[in-house]
Amino acid sequence: MKYTQLGRTGLKVSRLVLGTMNFGPQTEEADSHAIMDAALDAGINFFDTANVYGWGENKGRTERIIGNWFAKGGDRRDKVVLATKVYGNMGPDGRAWPNHDKLSALNIRRAVDASLKRLQTDYIDLYQFHHVDRNTPFEEIWQAIDVLVQQGKILYVGSSNFPGYKIAQANEIAARRHGTIGLVSEQCLYNLAERRAEMEVVPAAQEYGLGVIPWSPLHGGLLGGVIKKEAEGGRRASGRSADALANTSVRAQIQAYEDLLDKHGIEPGEAALAWLLTRPGVTGPIVGPRTAEQLESALRAVELELPEEVLAGLEEIFPGPGPSPEAFAW
């Protein structure tokens with residue numbers, strides 16, 4: 001496994017991030033524990049989750065699965081850089097109670113304590129705001145975070161799904177009013193097929209020294225060889241992938257992508273991850289394996305060096321927006 005610093009911090013993290021969103025809803029606890037063991041054995045030390053994972057009446061289940069894994073011992077917790085998130089409503093009895101969501105000081109304090117209990121740990125390495133809160137000023141947010149850092153409950157803070165201007169606003173206020181490090185990472189939708197983050201989010205992250213953590217690196221499976229799998233009688237596209245492939249121009253684009261990689265003997269999913277690892281500012285993409293086999297495929301991407309011909313071909317098939325602000329100005 002290869003490692004890098006998380007943004008401008010001294011924290012070293014693996015270049016693949018183990019996403020746990022499937023733990024519970026799609027992968028049972030025993031299999032989830034086996035995947036986490038395999039990830040740790042392979043050197044992945046960066047695990048990402050969220051308080052709402054498990055969803056609906058089972059929200060919080062994913063954190064509990066991880067907590068039970070930590071409780072097995074073997075220095076599991078000490079080896080892991082643990083990231084979780086706050087924003088979604090975690091109201092009791094499955095109801096969306098007021099003050100049980102978003103980023104008020106009250107909810108942040110409540111949510112941290114609840115996550116710590118589910119995760120069976122004393123601290124969270126990276127506490128991430130899962131979405132912008134348009135109604136809570138950053139002065140209030142940072143005041144709440146300062147207390148939690150002083151209490152030793154969290155070490156670093158990151159954002160997720162923030163636009164560029166909110167990254168700037170958050171860190172300017174952190175520096176000006178509190179003299180603290182502010183946000184150290186941004187977790188955003190970013191992959192070959194969805195490159196809008198390059199317009200503002202990635203430049204803002206680089207300007208303020210945030211590590212970029214792409215989620216959905218295979219764009220919901222669309223970049224994982226979906227057409228080839230269909231042709232071979234494998235799992236058919238579903239959800240967002242199926243909807244995208246219904247568009248003839250998108251299908252032609254994905255076919256060209258798969259043809260390019262087939263010519264070079266490269267697996268599509270591994271190429272999509274390897275491409276992200278070449279992008280400026282990217283710490284590492286989040287991989288969310290449902291099985292051990294999917295984890296093994298993701299691990300191969302770390303060692304994959306894409307030839308220049310392939311990189312050029314990918315750029316032609318999936319052209320990015322270009323440098324900011326020239327891409328939208330002149």
Side-chain angles (χ1 to χ4, degrees), residues 2-20 44-51 77 79-87 103 108 111-112 115-116 119 121-133 136 138-190 197-198 200-215 217 276-277 279-286:
K2 298 177 182 178
Y3 299 89
T4 189
Q5 308 298 127
L6 179 61
R8 66 194 185 283
T9 75
L11 188 66
K12 285 189 176 181
V13 294
S14 52
R15 296 225 65 198
L16 285 183
V17 184
L18 181 68
T20 62
I44 296 177
N45 75 332
F46 199 3
F47 288 19
D48 177 75
T49 191
N51 59 356
R77 178 64 188 95
K79 295 174 182 176
V80 168
V81 174
L82 176 63
T84 191
K85 308 183 195 76
V86 57
Y87 182 85
L103 303 179
I108 287 174
V112 165
S115 284
L116 290 172
L119 290 163
T121 185
D122 297 326
Y123 68 99
I124 294 162
D125 297 287
L126 178 64
Y127 200 53
Q128 301 163 109
F129 307 137
H130 211 162
H131 198 276
V132 297
D133 183 349
T136 304
F138 277 112
E139 288 84 353
E140 176 181 346
I141 293 169
W142 286 127
Q143 185 177 41
I145 292 300
D146 287 346
V147 172
L148 294 172
V149 170
Q150 291 164 8
Q151 292 174 339
K153 293 181 179 180
I154 62 175
L155 302 182
Y156 301 94
V157 180
S159 57
S160 182
N161 306 306
F162 271 36
Y165 82 96
K166 281 294 182 181
I167 291 172
Q169 184 183 44
N171 274 20
E172 289 294 334
I173 291 174
R176 184 172 67 247
R177 298 185 64 88
H178 299 283
T180 56
I181 194 171
L183 301 174
V184 303
S185 63
E186 160 60 18
Q187 188 178 132
C188 58
L189 176 61
Y190 185 26
E198 294 175 0
E200 290 286 354
V201 175
V202 174
Q206 289 185 279
E207 183 73 20
Y208 285 93
L210 278 65
V212 176
I213 306 170
W215 60 265
L276 278 169
L277 291 171
R279 304 308 298 167
V282 168
T283 298
I286 296 175

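All values derive from a computational prediction rather than experimental measurement. Hydrogens, waters and symmetry mates play no part in the numbers below; they use all other heavy atoms, side chains included.
- Checking V212, I213, T283 one by one against Q187, the side-chain contact (heavy atoms from CB on, under 4.5 Å) holds for a single residue, I213.
- Residues meeting the ring-ring contact (aromatic ring centres under 6.0 Å, His included) test with F47, sequence neighbours left out: W69.
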Next on the checklist: Is there a side-chain contact (heavy atoms from CB on, under 4.5 Å) between V80 and N45? Walk through the geometry before answering.
Outcome noted: CA-CA 5 Å; V80 168; N45 75 332; 5.9 Å; no
Item to check | Check against side-chain contact (heavy atoms from CB on, under 4.5 Å), L119 and R77 | outcome: CA-CA 10 Å; L119 290 163; R77 178 64 188 95; over 6 Å; no
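- Between L103 atom CG and F138 atom CZ the span is 8.0 Å, to the nearest 0.5 Å.
- Distance check, rounded to the nearest 0.5 Å: CG of L155 to CG of L148 gives 11.0 Å.
- Residues forming a ring-ring contact (aromatic ring centres under 6.0 Å, His included) with Y156 (at least two apart in sequence, or on another chain): none.
- The closest side-chain donor-acceptor pair between Y208 and E172 falls under 3.5 angstrom.
- The backbone N or O of Y3 lies less than 3.5 Å from no partner atom in the side chain of S14, so there is not a single donor-acceptor pair.
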Checklist entry - Are V13 and Q5 close enough, and set up right, to give a side-chain contact (heavy atoms from CB on, under 4.5 Å), and what steps lead you there? => result CA-CA 6 Å; V13 294; Q5 308 298 127; over 6 Å; no
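- With rounding to the nearest 0.5 angstrom, the CG atom of L18 is 11.0 Å from the CG atom of L82.
- A 4.5 Å side-chain heavy-atom check between N161 and V132 finds every atom pair outside the cut-off.
- The main-chain N or O of S159 is never found under 3.5 Å from a side-chain atom of Q128 such that the two would form a donor-acceptor pair.
- A heavy-atom distance below 4.5 Å is not found between the side chains of P285 and V17.
- Residue E207 places its CD atom among 12 or fewer non-hydrogen atoms of other residues, nucleotides or ligands, all under 6.0 Å distant.
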Checklist entry - Would L116 and D122 count as a side-chain contact (heavy atoms from CB on, under 4.5 Å) if you check the C-alpha gap in whole Å, the side-chain angles of each, and the deciding distance to 0.1 Å? => result CA-CA 6 Å; L116 290 172; D122 297 326; 5.9 Å; no
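- Put simply, the side chain of S185 never gets that close to the backbone of G211: no donor and acceptor are under 3.5 Å apart.
- Atom CD1 of I141 sits about 8.5 Å away from atom CD1 of I173, to the nearest 0.5 Å.
- Side-chain atoms of W142 come within 3.5 Å of backbone atoms of A170 as a donor-acceptor pair (strictly under, hydrogens ignored).
- Using a 4.5 Å heavy-atom cutoff, the side chains of V112 and V86 are not in contact.
- Residues G158 and L126 come closest through the heavy atom pair N-CD1, 3.6 Å.
- Checked against ring-ring contact (aromatic ring centres under 6.0 Å, His included), H130 has no partners two or more places apart in sequence or in another chain.
- Side chains of V202 and R279 form no contact here, defined as non-hydrogen atoms less than 4.5 Å apart.
- Taking the six-membered ring where tryptophan is involved, the planes of F162 and F129 are essentially parallel, since the angle between them stays under 30° and well short of 60°.
- Only one option out of T4, L276, I44 pairs with R15 in a side-chain contact (heavy atoms from CB on, under 4.5 Å); it is T4.
- Salt bridge status for D133 with K166: absent, with no side-chain N to carboxylate O gap under 4.0 Å.
- In this structure, the side chain of N171 engages the main chain of L183 through a donor-acceptor pair within 3.5 Å.
- Proximity of a side-chain donor or acceptor of K85 to a complementary backbone N or O of Y127 within less than 3.5 Å is not detected.
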